[in-house]
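Worksheet: one structure, shown below.
No experiment lies behind these values; they were computed from the predicted model shown. Below, each value reflects all heavy atoms present in this structure, side chains not excepted, and no hydrogens, waters or symmetry copies.
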Amino acid sequence: VSQSRYPSENFDFSMQAEVFASAPTGHVDHPDVLADVSVGTGAWGFGLALTPMLSFRQSYSLSIEGNAMAYLPSQQKMRVPEIDETIIAAKRRTLVDIRTGTDWGTTAVIDTKFDWFQPQYRLGFKRHEQDKIKGNLSGNYAALTYPTEKQQFEHALWLNFSTIEMFKEKRFPLPLRFRVAANHLFKGWNSFENSYFELQLVSFLPTPWMPD
């Protein structure tokens, strides 16, 4: 992660860049499950995230979070349907070549900060380009590739609470970060439109590198 800052009298502009990777997972194949269930991309992925941010009076900020991830070609065992078959027999499971589609998205973020409390509104778009799947076994590969192309429009309200600064000033006994989030996916393609809530609690322990 790297970050550059360009402060001025009225606002503070910063740019953060992050490079990341994802490890391959795969598919679940169980005798009682009549179609393989994807639990990940099954391929190594490498991504880049850029976040330009404008901060005003050290209390309000507007940022754009952009990210993209590309994947290396991979091979997986998958069940290949025949014609319009929806329940695929286990004997149709074969090794296929997969070129996983690119993931990319962008999110606009508005937030403000009041000492230990930071509300945040997020409006985002995410897209996964269609995978390319092929193999030696004859079958309906289009039925496998069509559902892989997805896009989502979502927004969320995050309420963040942090006692880290108060802990540093010895005004609170523990360093904590607590988030309550309400998320709503209001439009999607090959995706479910739904709402969900999220709770996140993070704390820290002293280490030899950061004893305090």
Side-chain angles (χ1 to χ4, degrees), residues 1-3 5 11-23 25 28 37-41 45-71 100-129 147-169 171-205 210:
V1 178
S2 65
Q3 184 171 354
R5 300 185 65 186
F11 64 88
D12 185 1
F13 176 76
S14 64
M15 172 69 79
Q16 179 174 302
E18 180 179 0
V19 177
F20 53 93
S22 70
T25 50
V28 174
V37 180
S38 175
V39 293
T41 61
F46 299 91
L48 173 66
L50 296 175
T51 305
M53 175 185 292
L54 273 176
S55 301
F56 304 90
R57 300 179 182 176
Q58 298 182 342
S59 296
Y60 303 91
S61 68
L62 171 64
S63 61
I64 303 292
E65 300 175 356
N67 64 82
M69 175 173 280
Y71 299 90
T100 305
T102 303
D103 286 317
W104 60 276
T106 183
T107 303
V109 182
I110 302 173
D111 67 9
T112 184
K113 188 174 183 180
F114 305 99
D115 193 18
W116 52 272
F117 173 56
Q118 184 177 5
Q120 186 179 94
Y121 175 73
R122 305 170 64 86
L123 177 64
F125 169 78
K126 290 190 266 188
R127 181 173 174 83
H128 177 81
E129 302 294 343
T148 63
E149 186 176 0
K150 301 177 181 179
Q151 64 182 26
Q152 299 175 343
F153 293 89
E154 58 188 3
H155 61 161
L157 177 63
W158 290 8
L159 303 178
N160 300 292
F161 304 85
S162 174
T163 65
I164 296 174
E165 294 301 321
M166 291 192 293
F167 173 76
K168 290 179 181 178
E169 298 169 0
R171 294 189 291 130
F172 200 84
L174 293 172
L176 299 173
R177 279 202 312 236
F178 179 64
R179 174 187 297 160
V180 181
N183 303 272
H184 178 54
L185 196 159
F186 60 88
K187 186 175 179 61
W189 186 59
N190 274 344
S191 300
F192 293 105
E193 297 182 20
N194 60 9
S195 300
Y196 63 96
F197 294 92
E198 177 185 356
L199 298 177
Q200 184 184 95
L201 177 63
V202 179
S203 187
F204 308 90
L205 294 174
M210 299 182 64

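Contact record, Ser61 with Ser55: CB-OG, 3.8 Å, taken as the closest heavy-atom pair. Scanning all heavy atoms of the two residues, the minimum distance from Gly101 to His128 falls at O-CE1, 3.1 Å. Considering every non-hydrogen atom in both Phe20 and Ala68, the closest pair reads CZ-O, 4.3 Å. Considering every non-hydrogen atom in both Gln120 and Asn160, the closest pair reads CB-ND2, 4.2 Å.
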- Could you go through the side-chain contact (heavy atoms from CB on, under 4.5 Å) check for Tyr121 and His155 one step at a time? CA-CA 7 Å; Tyr121 175 73; His155 61 161; 3.1 Å; yes
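Note that CZ of Phe161 is 11.0 Å distant from CD of Gln118, once rounded to the nearest 0.5 Å. Going from atom OH of Tyr196 over to atom CG of Asn183 covers 4.0 Å, rounded to the nearest 0.5 Å. The distance from the OG1 atom of Thr100 to the CE atom of Met69 is 11.0 Å, given to the nearest 0.5 Å. Atom CG of residue Leu201 and atom CZ of residue Phe178 lie 7.0 Å apart, to the nearest 0.5 angstrom. Residue Ile164 holds its CD1 atom at 11.5 Å from CG of Leu174, rounded to the nearest 0.5 Å. Rounded to the nearest 0.5 Å, atoms CG (Leu123) and OG1 (Thr107) are 8.0 Å apart.
Residues forming a ring-ring contact (aromatic ring centres under 6.0 Å, His included) with Trp158 (at least two apart in sequence, or on another chain): none. Scored by the ring-ring contact (aromatic ring centres under 6.0 Å, His included) test, Phe153 finds Phe125 as partners (sequence neighbours excluded). Here Arg122 pairs with Glu65 under the salt bridge (Lys or Arg N to Asp or Glu O under 4.0 Å) rule; sequence neighbours left out.
Annotation: side chain of Val202 is not in contact with side chain of Leu176 (no heavy-atom distance under 4.5 Å). Looking at Leu159 and Phe117, their side chains come closer than 4.5 Å, going by heavy atoms from C-beta outward. Within the 4.5 Å cutoff, the side chain of Tyr71 has heavy atoms near those of the Asp103 side chain. The shortest side-chain heavy-atom distance between Glu154 and Lys126 falls under the 4.5 Å cut-off.
Between the Thr112 side chain and the Ser59 main chain, a donor and an acceptor come within less than 3.5 Å of each other. When atom types are taken as modelled, the side chain of Thr102 and the backbone of Glu129 share no donor-acceptor pair closer than 3.5 angstrom. A distance-only check finds a donor-acceptor pair linking the side chain of Ser203 to the backbone of Pro175 [under 3.5 Å].
Here the options are Gln152, Lys150, Glu149, the test is side chain to side chain contact (heavy atoms under 4.5 Å, CB included), and the partner is Trp189; only Glu149 passes.
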